[in-house]
Structures are given as C-alpha cells and as structure tokens.
Amino acid sequence: MSAADEGTTRTGGPRRRAVSPDRRTRQPTEVRRRLILEAAVPLVLEHGVGGVGLRDIARAAAVSVGTVTYHFGGIGEIIGEAVSIEIDAYYRPLGERMLSAPSAVDGLDVLVEGVFSTETDQHWRLWFESWAADAVRAPDTLQRRRYEDWSDRIAELVERGRASGEFLCDDVAETTVRFSALVDGLALRRLRGAPPLSIDQARAHLRRFLASELALETTP
C-alpha cells in the first residue's frame, strides 16, 4: 500500500487536506474592520490623509483590496473612522489623568501639558488634515460627538474647580468654548510655523488665558 493510500506524505507526516469553505473560520466583521482601521492609523499619521490609498491600507492590513472595499464604502469612510480611533487614543487617557489629579488646579496643569507636547504634533496634523479632507462632505457625526465629549471633560474640570473654590467662573460652557478655540488656533499656528510657536510658548498662552478666565491668583 502506498503512502498516499495510507493518508501520509512521503516524509511520513499526515497529509494536509484542504478545508472546505463551510468549515473555514472567518473573523467577525467588526474584527476585520478594526484590523483594517488599526492598519490605517499609522499610515495616515506618517503620510497624511491625502497620501494614503486603499492599496496601501490593504497591504498594511495583510488583506486584499476587495476585503477592504467589502467592509468600507471607500477611503473617506476609512480615514474618518481611523481618525476617530486616534482621537480616542489621544483624548481619553488625557481626560482621565486631568480629572483624577489631586486638585482642579493640578488638573489644569495636566491639561495644558497634555494638549501641547512633543507627542501631540502628529495628532494635530491628522486632526486638521481630516477637517480639510472632509470640507466638501457632511460633518462626521462620530468625530463631532467625540469632540463634544472632550469639551464635556474640560467643563467637568472647570466645574470641579468652581465647586472647590479654586476657580471663579460665571459661565463654564463659554469658558470651555473659548479654551478649545484657543487650543485649536495655537495648534494650527504651531503646525504652519508662520510665525514659529514653540511648545513652551503655546503652553504659556494657555496658562495666561486660564489664569485670567478662572481668576487664578497664580498661573497653574
């Protein structure tokens, strides 16, 4: 009897049989989507929103272009969700750190140092590029909601300081809006580099604003 008849290879090992399609293990749709998005994030950070295509993402995720287009309607949808993932990774831990600080004033210091650091330039570049890329499309509901959630965390910190007597603030919502607008403006100026704006200078602007807005006796 031959090795083939015995179900073994010439080397004596068991013969590998093709797995029938109905028995193949397929990853759930949400897992495949997440893998594709996680592959897209570093590409967008490195090359910018306009420098990444479907083939690049498929190659990085080790899947076919067809798999990518099966799970996503196009590059715009992928970029939008990838940006949301990066935003989560940036804002969520920062919000947790500032709200768990020993005092509201300490939380302000965590906030100011967190929004401008050597690690955040890529975040801001991705954030502004995604805004520019989406200018002709309807607003991204997911990104807008996460931006609003971040504003809520800032308002929570200000409310904490007001309740503890550390801050004086007549309108928490308005203070939050002005702070967020200042951060966005400083970030854009820093990325453009015209005129140059260092991390220390950006932080100093924020501290002066907060000291004035919250009637702090000393800057945080």
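Side chains included, hydrogens not; waters and symmetry mates left out as well; all remaining heavy atoms used. Start at 1 with the first residue, then count along the sequence. These numbers were taken from a predicted model, which means no experiment stands behind them.
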A.B. asks: Evaluate the criterion side-chain contact (heavy atoms from CB on, under 4.5 Å) for residue pair Leu94 and Val110; output intermediate values, then yes/no.
C.D. replies: CA-CA 8 Å; Leu94 176 56; Val110 172; 4.1 Å; yes
A.B. asks: Any idea which heavy atoms bring Ala40 and Ala82 closest together, and the distance?
C.D. replies: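 Residues Ala40 and Ala82, closest heavy atoms: CB-CB, 4.2 Å.
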A.B. asks: Indicate yes or no for a side-chain donor-acceptor contact from Thr69 to the backbone of Gly66 under 3.5 Å, with no hydrogens or angles considered.
C.D. replies: yes
A.B. asks: Any donor-acceptor pair under 3.5 Å linking the side chain of Gln201 with the backbone of Ser198?
C.D. replies: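 Here the side-chain-to-backbone pair exists.
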A.B. asks: Could you check if a side-chain atom of Ile85 sits within less than 4.5 angstrom of a side-chain atom of Asp88, using non-hydrogen atoms only?
C.D. replies: no
A.B. asks: Rounded to the nearest 0.5 Å, what separates atom CG in Leu197 from atom CZ in Phe116?
C.D. replies: 7.0 Å
A.B. asks: For a quick test of reading the model, state the closest non-hydrogen atom pair linking Phe167 to Val158 and the distance between them.
C.D. replies: CD1-O, 3.6 Å
A.B. asks: Return yes if some donor-acceptor pair links the side-chain N/O of Asp56 with the main-chain N/O of Gly53 below 3.5 Å, else return no.
C.D. replies: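 Yes, because the side chain of Asp56 sits within donor-acceptor range (under 3.5 Å) of the backbone of Gly53.
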A.B. asks: When rounded to the nearest 0.5 angstrom, what distance separates CZ in Arg92 from CG in Asp149?
C.D. replies: 8.0 Å
A.B. asks: Take Arg32 and Tyr70 through the test side-chain contact (heavy atoms from CB on, under 4.5 Å) and record every step on the way to the result.
C.D. replies: CA-CA 10 Å; Arg32 282 182 174 267; Tyr70 175 81; over 6 Å; no
A.B. asks: Which value, rounded to the nearest 0.5 Å, describes the distance between Arg203 atom CZ and Ser117 atom OG?
C.D. replies: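 Rounded to the nearest 0.5 Å, the CZ-OG separation comes to 6.5 Å.
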A.B. asks: Tell me, do Tyr90 and Trp124 make a side-chain contact under 4.5 Å, heavy atoms counted?
C.D. replies: yes
A.B. asks: Can Val177 be reached from Leu188 by stepping across I, L, V, M, F, W or Y side chains whose heavy atoms are under 4.5 Å apart?
C.D. replies: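 Result: no, two separate clusters.
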A.B. asks: Please report the closest heavy-atom contact between Leu37 and Ile78, naming both atoms and the distance.
C.D. replies: CD2-O, 3.6 Å
A.B. asks: Glu38 vs Arg34, test: salt bridge (Lys or Arg N to Asp or Glu O under 4.0 Å). Steps then yes/no.
C.D. replies: CA-CA 6 Å; Glu38 288 177 348; Arg34 184 73 183 191; 3.2 Å; yes
A.B. asks: Work out which heavy atom in Ser103 is nearest to a heavy atom in Glu166; give both atom names and the distance.
C.D. replies: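 So the minimum-distance heavy-atom pair works out to CB-OE1, 3.4 Å.
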A.B. asks: Are any non-hydrogen side-chain atoms of Arg207 and Ser212 less than 4.5 angstrom apart?
C.D. replies: no
A.B. asks: I want to check something: taking the side chain as every heavy atom from C-beta on, are Val115 and Thr120 in contact at a cut-off of under 4.5 Å?
C.D. replies: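 Not in contact.
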A.B. asks: Compute both the distance and the angle, then confirm whether Arg178 meets the cation-pi test with Phe209: under 6.0 Å from the six-membered ring centre, within 45 degrees of the axis.
C.D. replies: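 No cation-pi geometry.
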A.B. asks: Would a single hydrophobic cluster contain both Met98 and Ile199, if residues Ile, Leu, Val, Met, Phe, Trp and Tyr are joined by side-chain heavy-atom contacts under 4.5 Å?
C.D. replies: yes
A.B. asks: Can you tell me if Thr67 uses its side chain to pair, donor with acceptor, with the backbone of Val63 under 3.5 Å?
C.D. replies: no
A.B. asks: Hey, could you give me the CZ/CG distance between Arg59 and Leu54, rounded to the nearest 0.5 Å?
C.D. replies: 11.5 Å
A.B. asks: Calculate, to the nearest 0.5 Å, the distance between atoms NE2 and CG belonging to His205 and Leu182 respectively.
C.D. replies: 8.0 Å
A.B. asks: More than 12 heavy atoms of other residues, nucleotides or ligands under 6.0 Å from CZ of Arg189: yes or no?
C.D. replies: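 Yes, CZ of Arg189 has more than 12 neighbouring heavy atoms, counting only those of other groups under 6.0 Å.
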A.B. asks: Roughly how far apart are Leu108 CG and Glu113 CD, rounded to 0.5 Å?
C.D. replies: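 CD of Glu113 is found 11.5 Å from CG of Leu108.
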A.B. asks: Taking all heavy atoms of Thr175 and all of Cys169, pick out the closest pair and write down the distance.
C.D. replies: OG1-SG, 3.3 Å
A.B. asks: Taking the side chain as everything from C-beta on, heavy atoms only, tell me whether Ile36 gets closer than 4.5 Å to His71.
C.D. replies: yes
A.B. asks: Start with the C-alpha distance between Arg33 and Glu81, add both sets of side-chain angles, then the distance that settles salt bridge (Lys or Arg N to Asp or Glu O under 4.0 Å), and finish with yes or no.
C.D. replies: CA-CA 10 Å; Arg33 285 176 60 88; Glu81 293 197 30; 2.5 Å; yes
A.B. asks: Give me the atom names and distance for the closest heavy-atom approach of Leu157 to Leu111.
C.D. replies: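 Smallest heavy-atom distance, with atoms named: CD2-CD2, 4.4 Å.
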